[in-house]
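Heads up, the thing below is written out as structure tokens.
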Amino acid sequence: MESSSDRSNVSQGNHLGYARSTSMDSTGPQLAGRSSSMLSRRSSRQGSRGSISLSREMGDSILSSMRHSLQSADQLLGDIDSSVLAQLIESGRVLSPEGDVDEDTVRISEHHKVGPVPDDAIKQTSDNFASAPISSAETKDTISNVLADSSTKVEPYKLSLRLDYAAYMIHLAVFGFFGVFTRYGLQKLFGPDCLALTSDQSPLYPDLPSNMLGSFLMGWFGIIFKADIRYISDHLIVGITTGYMGSLTTFSGWNQKMVGLSSKGHWVYAIAGVVLGMFIVNESITVGAETGERLRSLILKYIREKSLIGHKYDWEHWRVNTRAKQSVLLSVMIILMSFFWILSIVLTVVKMHSLADGAVLWMGCSVAPPGVWLRWYLARLNGQGIGKQRSLKWLPTGTLVANVLAAGIMAVLAVTSKAVDTKRSTTILSGIQLGFLGCLSTVSTFAAEVYTMRRSGQIARAFVYAASTFLLSFLLGTLVYSVPVWEKHYK
């Protein structure tokens, strides 16, 4: 297209040409030839300057557009990473802020994963454009080449669909074992037998320390460092968040303790346990996110300072993106899962035979993996809505179903334990409550979802979601547990 500067240059050249042609009759052919040559060189220089200006304007415009696109992509990824916590921490899927599966978002997240990217990457791109050739055609070619080079990368090795699914389940099982171990240890540490800070008879229920720790860690690894760990391995981040922190925290145990208090007439303690417990886990995840953000900024600052003095960090070396790395990691996780699971089953049989201490722990570890797997599977309901109209897509339905279902089953086992009232049956049922139901329900994900809604300004939705979870679980527990206890007068 012809710019206004080009049109003015051409018009100026026409007037000059007319003036020179009138003087040629009086000065002779030689002077006319010189004037024509000078005019031609001047027009050529002016045309070159116009072309240079046009090329530079095009380059600046394209560079500005690319910078805007990069900023928009970074903002989109940041929004996705924060909104994902409300609906997809458990499943590992990428959802839009409304909860729908966005295929474009999936592609963006795969090609622009937030990892340890040098800060001078955009500056180097800017310098490359600043030194681009002045010709508009060559500038376009250079831009195309830069874009092609920047988008060219070696595709990481991907497992087959079935093997990839199995890898997720193996990671979930291994980290689920660690979560049960940690929760059981915190129960003993803060319980009546040691520090005596928690008990079944107070709002400070036995699982409160583990719920606090899991929510705090979720602020770190489920919010701040999630993208960095995902850059290394998708299986690893699902194992840490869904497997470990989901199993470390338990909603069903929390709800059952409050139901137990209300069945004894301690309604004030029960309400205080719900309100105080919710406040504590909310503050735990907030502190975790704030301290994690500060820690990440310090780490990045340290890396930048090291980079300035010549120390380079090869982040690609840590990525599990080759067939060899995938095979080694999967083999190690299979060995760990087999070891822990076989050990748990063997010790369960031994401990149950003599009803020795630790029988509940090993029984819980034996049934923990199915609880984690079921919760991970139910997480697929998050963002799908309810009914054919897919209403309430903002509601994390999968997490809600997992917590309410676990709370109901927990109440069934609790009243069954009172009805049978033998030491062996109580040990078995307690082990199932600790392992399967403790891993099926989660507080860390629940707290992260409420936290994300609150931070995004959706206070009403956060309140409705939290209130629905507690009311449904508490009412179900009361019907299943408290009513039989009141009627049968169980101790």
Legend entry - Nearest heavy atoms of V443 and T250, plus distance in Å: CG2-O, 3.3 Å
Legend entry - Polar side chain donor-acceptor pair, Y465 to E449, under 3.5 angstrom: yes
Legend entry - Heavy-atom pair with the smallest gap, counting every atom of M258 and S202: CE-O, 4.5 Å
Inset, instruction - Classify the angle between the aromatic ring planes of W341 and W373 as parallel (below 30°), tilted (30 to 60°) or perpendicular (above 60°). - result: perpendicular
Inset, instruction - With rounding to the nearest 0.5 Å, note down the distance linking OH in Y244 to CZ in R183. - result: 11.0 Å
Inset, instruction - Could you tell me which non-hydrogen atom of A414 sits nearest to which non-hydrogen atom of Q256, and how far apart they are? - result: CB-NE2, 3.6 Å
Legend entry - Rounded distance [0.5 Å steps], CD in E293 versus CG in L298: 11.0 Å
Inset, instruction - Report the relative orientation of the aromatic rings in F175 and F178; use parallel for angles under 30°, tilted for 30 to 60°, perpendicular for over 60°. - result: perpendicular
Legend entry - Heavy atoms of other groups near Y157 OH, more than 12 under 6.0 Å: yes
Inset, instruction - Answer yes or no: is there a side-chain heavy-atom contact under 4.5 Å between T427 and M352? - result: yes
Legend entry - CZ (R455) with more than 12 external heavy atoms under 6.0 Å: no
Inset, instruction - Nearest 0.5 Å please: distance from the CH2 atom of W376 over to the CG atom of L374. - result: 12.0 Å
Inset, instruction - Without swapping roles, check the side chain of S417 against the backbone of L413 for a donor-acceptor pair under 3.5 Å. - result: no
Inset, instruction - Taking the side chain as every heavy atom from C-beta outward, state whether F251 and T469 have any pair of such atoms under 4.5 Å apart. - result: yes
Inset, instruction - State whether the number of non-hydrogen atoms from other residues, nucleotides or ligands found under 6.0 Å of Y165 atom OH is greater than 12. - result: yes
Inset, instruction - Check the pair S247 / R375 against side chain to side chain contact (heavy atoms under 4.5 Å, CB included), numbers first and verdict last. - result: CA-CA 10 Å; S247 301; R375 174 162 47 86; 3.7 Å; yes
Inset, instruction - Output yes when a side-chain donor or acceptor of H171 lies under 3.5 Å from a complementary backbone atom of A167, and no otherwise. - result: yes
Inset, instruction - State whether D207 and K257 are salt-bridged, where the test is any N-O pair (Lys NZ or Arg NE/NH1/NH2 against Asp/Glu carboxylate O) under 4.0 Å. - result: no
Inset, instruction - Measure the shortest side-chain to side-chain distance between Q326 and L159 over non-hydrogen atoms and say whether it is less than 4.5 angstrom. - result: yes
Inset, instruction - Check the side chains of T348 and S366 for a donor-acceptor pair under 3.5 angstrom, ignoring hydrogens and angles. - result: yes
Legend entry - Side chain to side chain, S263 and W486, heavy atoms closer than 4.5 Å: yes
Legend entry - Test log, rule side chain to side chain contact (heavy atoms under 4.5 Å, CB included), inputs L213 and L217: CA-CA 6 Å; L213 178 61; L217 294 178; 4.1 Å; yes
Inset, instruction - Report yes if the side chains of V281 and M278 come closer than 4.5 Å at any heavy-atom pair, otherwise no. - result: yes
Legend entry - Contact check, side chains of F177 and L336, non-hydrogen atoms, under 4.5 Å: no
Inset, instruction - For the pair F470 and F446, name the ring-plane relationship: parallel under 30°, tilted 30 to 60°, perpendicular over 60°. - result: perpendicular
Legend entry - Distance (rounded to the nearest 0.5 Å) between S338 OG and M333 CE: 11.0 Å
Inset, instruction - Look at the side chain of S252 and the backbone N and O of A406, then say whether any donor-acceptor pair between them is shorter than 3.5 Å. - result: no
Inset, instruction - Apply the test side chain to side chain contact (heavy atoms under 4.5 Å, CB included) to residues L472 and N403: give CA-CA distance (whole Å), side-chain angles for both, the deciding distance (0.1 Å), then the verdict. - result: CA-CA 10 Å; L472 291 175; N403 283 336; over 6 Å; no
Inset, instruction - Side-chain contact test, heavy atoms from C-beta onward, threshold under 4.5 Å: evaluate it for Q201 versus K264 and give yes or no. - result: yes
Inset, instruction - Say whether S215 and S284, considering side chains only, have a donor N or O and an acceptor N or O under 3.5 Å apart. - result: no
Inset, instruction - Examine distances only and state if a side-chain atom of D193 and a backbone atom of K188 form a donor-acceptor pair shorter than 3.5 Å. - result: no
Legend entry - Spacing of Q187 atom CD and T198 atom OG1 [to the nearest 0.5 Å]: 8.0 Å
Inset, instruction - Give a yes or no on whether the backbone of S444 and the side-chain of T249 come within a donor-acceptor separation of less than 3.5 Å. - result: yes
Inset, instruction - Decide yes or no for Y481 and K418: does some side-chain heavy atom of the first lie under 4.5 Å from some side-chain heavy atom of the second? - result: yes
Legend entry - R296 (side chain) donor-acceptor with F225 (main chain) under 3.5 angstrom: no
Inset, instruction - Determine the minimum heavy-atom distance between A173 and M337, stating which atoms define it. - result: CB-SD, 3.8 Å
Legend entry - For the student: nearest non-hydrogen atoms of S233 and V320, plus distance: CB-CG2, 4.2 Å
Legend entry - Check against side chain to side chain contact (heavy atoms under 4.5 Å, CB included), L204 and L197: CA-CA 7 Å; L204 302 179; L197 296 177; 5.8 Å; no
Inset, instruction - Could you grab the distance from atom CD1 of I237 to atom CD1 of I229, nearest 0.5 Å is fine? - result: 4.0 Å
Legend entry - Which atom of W220 lies closest to which atom of G292, heavy atoms considered: NE1-N, 3.4 Å
Inset, instruction - Inspect the surroundings of CG in L161 and state if more than 12 heavy atoms from other residues, nucleotides or ligands are less than 6.0 Å away. - result: no
